[in-house]
Peer 1: 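The structure that follows is given in the form of structure tokens.
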Amino acid sequence: MEKKLRINLHKVPRHVAVIMDGNGRWAKGKGMNRIFGHRNAMTAIRDTVDAAKEIGVEAVTMYAFSTENWNRPKLEVDALMNLLVSTLKKELPEFHKKHIQVSTIGDIISLPKKAQTILRTVISETKDYNGIKLVFALSYGSREEIVNAIKNISKKVVNNEIHLEEINEKVINNHLYTFNLPDVDLMIRTSGEKRISNYLLWQMAYAELYFTDILWPDFRMEHFYDAIIEYQNRERRFGKTSEQITVPKK
Ligand code: FPP
């Protein structure tokens, strides 16, 4: 049976976060340099978004560049930034055609000007679409995001805009980059690494984690659907007992 047909459309994760890992190893395996691997990552991104959209996922967040990635060799950082710019330019007509709403999370002002310019264009031209939300995490680090949120909330406390007793999970949520997104339901990481790597730590509190050995440039729709099927076979308990989840409340 086609994999997609095995998916229960009533139990689709609302928000899927992806760590696209293994570009370097994929390229090395082909005797090429790491940048070749990044260049071959685009089909996987497209397939993932298309697959997610087809089953009604609300948002997909892709870890495209972490705060730690700035420490890579300058040549690789420059290549990634150029790739970001050229990809966004090339994909913009597709975003329009498929009604994909693009946004970003992360310290966007630290990106090169040309990246910021194209991002502004893509974000503003797609902001009213409701096909699927495609979020790029760029210069993103979860701890940094949390530190920022704490600073901004503290400022409001000092200015009497909010009282200390009023600070709760919702307030913190509203001060994260992801304030307009649901919690992450499913996190997919490719390449066999089993880490979270400073990604959406707050938002993944109850996420199901899915790890696959596939290297990112080889990741296709069918692999995305494998992750969804596995997700649907897991029991999400949110701290409750198995019985509480399965027996309907009287
Ligand atoms: C991880 O592979 C991948 C990255 C650090 C960069 C991800 C970037 C892209 C997929 C392309 C640029 C993004 C956009 C939005 C156009 P790795 O280099 O760590 O691989 P390795 O672990 O095998 O070395």
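In listed order, ligands and their atoms are each counted from 1.
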Peer 1: Taking the inter-plane angle between the rings of F219 and W216 on a 0 to 90° scale, is it parallel (under 30°), tilted (30 to 60°) or perpendicular (over 60°)?
Peer 2: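 Plane angle under 30°, so parallel.
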Peer 1: Any nitrogen or oxygen of Y63, side chain or backbone, less than 3.5 Å from one on ligand 1?
Peer 2: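 Checking ligand 1 against Y63, no N or O pair falls under 3.5 Å apart.
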Peer 1: Say whether R72 and ligand 1 are in contact under the criterion: heavy-atom distance to a ligand atom below 4.0 Å.
Peer 2: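 Contact present.
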Peer 1: Within ligand 1, which atoms have a heavy atom of A41 less than 4.0 Å away?
Peer 2: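 It comes down to these atoms of ligand 1: 10 (C).
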Peer 1: If you measure every N/O of W216 against every N/O of ligand 1, is any gap under 3.5 Å?
Peer 2: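 No - when backbone and side-chain N and O of W216 are compared with those of ligand 1, no distance drops under 3.5 Å.
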Peer 1: Considering only non-hydrogen protein atoms, determine which one is nearest to atom 9 (C) of ligand 1 and report residue, atom name and distance to 0.1 Å.
Peer 2: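 For atom 9 (C) of ligand 1, the nearest protein heavy atom is N23 ND2, 4.0 Å.
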Peer 1: Which bit of E193 is near ligand 1, meaning a heavy atom under 4.0 Å away: side chain, backbone, both or neither?
Peer 2: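 For E193, no heavy atom sits under 4.0 Å from ligand 1.
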Peer 1: Judging by distance only, is a nitrogen or oxygen of F136 under 3.5 angstrom from one on ligand 1?
Peer 2: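 In fact, backbone or side chain, F136 has no N or O that close.
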Peer 1: Examine ligand 1 and decide if any of its atoms is less than 4.0 Å from a heavy atom belonging to G22.
Peer 2: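 It does; at least one heavy atom falls under 4.0 Å.
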Peer 1: Looking only at protein heavy atoms, which one is nearest to atom 8 (C) of ligand 1, and how far off is it?
Peer 2: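 For atom 8 (C) of ligand 1, the nearest protein heavy atom comes out as A64 O, 3.4 Å.
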Peer 1: So is D21 polar-close to ligand 1, meaning N/O to N/O under 3.5 Å?
Peer 2: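 D21 vs ligand 1: N/O contact under 3.5 Å present.
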Peer 1: Kindly confirm or rule out an N or O of R25 lying under 3.5 angstrom from an N or O of ligand 1.
Peer 2: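 Among all N and O atoms of R25, at least one is under 3.5 Å from an N or O of ligand 1.
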Peer 1: Regarding Q203 and T178, do their side chains bring together a donor and an acceptor under 3.5 Å, going by distance alone?
Peer 2: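 Yes.
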Peer 1: Return the residue, atom name and 0.1 Å-rounded distance of the protein heavy atom closest to atom 4 (C) of ligand 1.
Peer 2: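 Closest protein heavy atom to atom 4 (C) of ligand 1: H38 CE1, 4.0 Å.
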Peer 1: What protein heavy atom lies closest to atom 14 (C) of ligand 1? Include the residue and the distance to one decimal.
Peer 2: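 For atom 14 (C) of ligand 1, the nearest protein heavy atom comes out as L84 CD1, 4.0 Å.
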Peer 1: State the atoms of ligand 1, each with its element, that fall below the 4.0 Å cut-off from a heavy-atom position in R34.
Peer 2: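 What qualifies from ligand 1 is 17 (P), 18 (O), 19 (O), 24 (O).
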Peer 1: With a cut-off of under 6.0 Å to the ring centre and 45° to the axis, is K30 in cation-pi contact with W26?
Peer 2: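 Yes.
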Peer 1: Looking only at the side chains, is there a donor atom on one of Q101 and N130 sitting less than 3.5 Å from an acceptor on the other?
Peer 2: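 The criterion, which ignores hydrogens and geometry beyond distance, is not satisfied for N130 and Q101.
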Peer 1: Which option, T87, L215, N69, L138, owns the non-hydrogen atom nearest atom 5 (C) of ligand 1?
Peer 2: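 Of the listed residues, N69 has the closest heavy atom.
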Peer 1: Heavy-atom contacts with G24 under 4.0 Å: which atoms of ligand 1 show up? List them by number with element.
Peer 2: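 Result: 17 (P), 18 (O), 20 (O), 21 (P), 23 (O), 24 (O).
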Peer 1: Donor-acceptor pairs under 3.5 Å, side chain of residues 179-186 to any protein atom, not counting sequence neighbours: which ones?
Peer 2:
unit_1: D185; atom_1: OD1; unit_2: R236; atom_2: NH1; d: 3.1
unit_1: D185; atom_1: OD2; unit_2: R14; atom_2: N; d: 2.7
unit_1: D185; atom_1: OD2; unit_2: H15; atom_2: N; d: 3.1

Peer 1: Quick one: pull up NE2 in H175 and NZ in K170 and give me the separation to the nearest 0.5 Å.
Peer 2: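 Output value for this atom pair is 11.5 Å.
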Peer 1: Just verifying a value: how many Å separate I188 CD1 and L209 CG, rounded to the nearest 0.5 Å?
Peer 2: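 One finds 11.0 Å between CD1 of I188 and CG of L209.
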Peer 1: Check the pair E91, R46 against salt bridge (Lys or Arg N to Asp or Glu O under 4.0 Å), reporting the backbone distance first and the verdict last.
Peer 2: CA-CA 9 Å; E91 294 297 318; R46 223 175 285 126; 2.9 Å; yes
Peer 1: May I ask you to identify the nearest protein heavy atom to atom 1 (C) of ligand 1, giving residue, atom name and distance to one decimal place in Å?
Peer 2: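 Protein heavy atom with the smallest distance to atom 1 (C) of ligand 1: M20 O, 3.1 Å.
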Peer 1: How does M42 reach ligand 1, by side chain, by backbone, by both or by neither, if only non-hydrogen atoms under 4.0 Å count?
Peer 2: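 The part of M42 near ligand 1 is the side chain, not the backbone.
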Peer 1: So Y140 and Y63, would you call those rings parallel, tilted or perpendicular, with 30° and 60° as cut-offs?
Peer 2: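 Answer is perpendicular, since the angle exceeds 60°.
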Peer 1: Indicate every side-chain donor-acceptor pair of residues 115-122 with a distance under 3.5 Å to a residue at least two apart or in another chain.
Peer 2:
unit_1: Q116; atom_1: NE2; unit_2: I109; atom_2: O; d: 3.1
unit_1: Q116; atom_1: NE2; unit_2: L111; atom_2: O; d: 2.8
unit_1: T117; atom_1: OG1; unit_2: K113; atom_2: O; d: 2.8
unit_1: T121; atom_1: OG1; unit_2: T117; atom_2: O; d: 3.1

Peer 1: Determine the minimum heavy-atom distance between R72 and V77, stating which atoms define it.
Peer 2: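 Minimum heavy-atom separation between R72 and V77: O-CG2, 3.6 Å.
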